[in-house]
Q: 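My questions will all concern the structure given below.
As the structure is a computational prediction, the values presented were derived from the model and not from experiment.
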Amino acid sequence: MRKVLWGTVAAFGVAWVLLLAAWASGLSALGQETTCWVQDDQNDGIVAAKGKLGDIANGAGYGLGYVIGGWALLNPILAVTALRVVADVKAGPPKKEEASEDGAAEVSTI
């Protein structure tokens, strides 16, 4: 059980960092100059829209909101899971009863 908790905290930690990086890169991309090629509404050809990505796309859209929301929801989950790992570390090594729950074979005598 302890190895699973350590793996869970590690996975949530990586997800937290990656979501934070996606949030930062998304916000920085909105402020950069770009050229967006779109088809003309009369089907006469394509039009180049030049400017900041945030101005062309009318803001961040739903994607960045989902990234920020996922990161915000991940914070308490990561905190509670990390507190459980700290509590397990303070409790010391697993006892014999805990070892049998981890999948070790149990021998009983009659």
Q: Starting from Leu78, can I reach Leu83 by hopping between I/L/V/M/F/W/Y residues whose side chains sit under 4.5 Å apart?
A: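 No, it is not one cluster - the side chains of Leu83 and Leu78 are not joined through contacts under 4.5 Å.
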Q: Taking all non-hydrogen atoms of both residues into account, name the closest pair between Trp23 and Val67 and its distance.
A: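 Closest pair (atom of Trp23, atom of Val67, distance): N-CG1, 3.8 Å.
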Q: Is there a side chain to side chain contact (heavy atoms under 4.5 Å, CB included) between Thr81 and Phe12 once you walk through the steps?
A: CA-CA 9 Å; Thr81 310; Phe12 280 143; 4.3 Å; yes
Q: Return yes if some donor-acceptor pair links the side-chain N/O of Ser28 with the main-chain N/O of Ser25 below 3.5 Å, else return no.
A: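 Side chain of Ser28 to backbone of Ser25, a donor-acceptor pair under 3.5 Å: yes, one is there.
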Q: Check whether Leu30 and Leu20 end up in the same hydrophobic cluster, where Ile, Leu, Val, Met, Phe, Trp and Tyr are linked by side-chain heavy atoms less than 4.5 Å apart.
A: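 Yes, Leu30 and Leu20 fall within the same hydrophobic cluster.
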Q: What are the two closest heavy atoms between Thr35 and Ala48, and how far apart are they?
A: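 The answer is CG2-CB, 4.0 Å.
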Q: Set out, in order, the CA-CA distance, both residues' side-chain angles and the distance that settles side chain to side chain contact (heavy atoms under 4.5 Å, CB included) for Arg84 and Leu5, then state yes or no.
A: CA-CA 8 Å; Arg84 172 64 193 265; Leu5 282 174; 3.7 Å; yes
Q: Distance from Cys36 atom SG to Asp55 atom CG, nearest 0.5 Å?
A: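 Output value for this atom pair is 12.5 Å.
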Q: If you apply the rule side chain to side chain contact (heavy atoms under 4.5 Å, CB included), what do you find for Ile56 with Thr34, and how did you get there?
A: CA-CA 9 Å; Ile56 295 171; Thr34 188; 4.0 Å; yes
Q: Restricting to side-chain hydrogen bond (donor to acceptor under 3.5 Å, both in side chains), what partner residues turn up for Gln39, sequence neighbours left out?
A: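 Gln39: side-chain hydrogen bond (donor to acceptor under 3.5 Å, both in side chains) contacts with Asn43.
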Q: Hydrophobic clusters here meaning ILVMFWY residues chained together by side-chain heavy-atom distances under 4.5 Å, can you tell me if Leu27 and Trp16 are in one?
A: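 Yes, same cluster.
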Q: When you group the ILVMFWY residues by side-chain heavy-atom contacts below 4.5 Å and let the links chain together, are Leu74 and Leu18 in the same group?
A: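 No, Leu18 does not connect to Leu74 through the hydrophobic network.
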Q: For side chain to side chain contact (heavy atoms under 4.5 Å, CB included), just list the numbers for Glu33 and Lys52, CA-CA rounded to whole Å, side-chain angles, deciding distance to a tenth of an Å, and then say yes or no.
A: CA-CA 4 Å; Glu33 292 288 325; Lys52 291 185 178 182; 3.5 Å; yes
Q: Are the side chain of Arg2 and the backbone N or O of Asp88 linked by a donor-acceptor pair below 3.5 Å?
A: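 It does hold such a pair.
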Q: Under 4.5 Å between side-chain heavy atoms, counting indirect links through other Ile/Leu/Val/Met/Phe/Trp/Tyr residues: same cluster for Ile77 and Val86 or not?
A: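 In one cluster: no.
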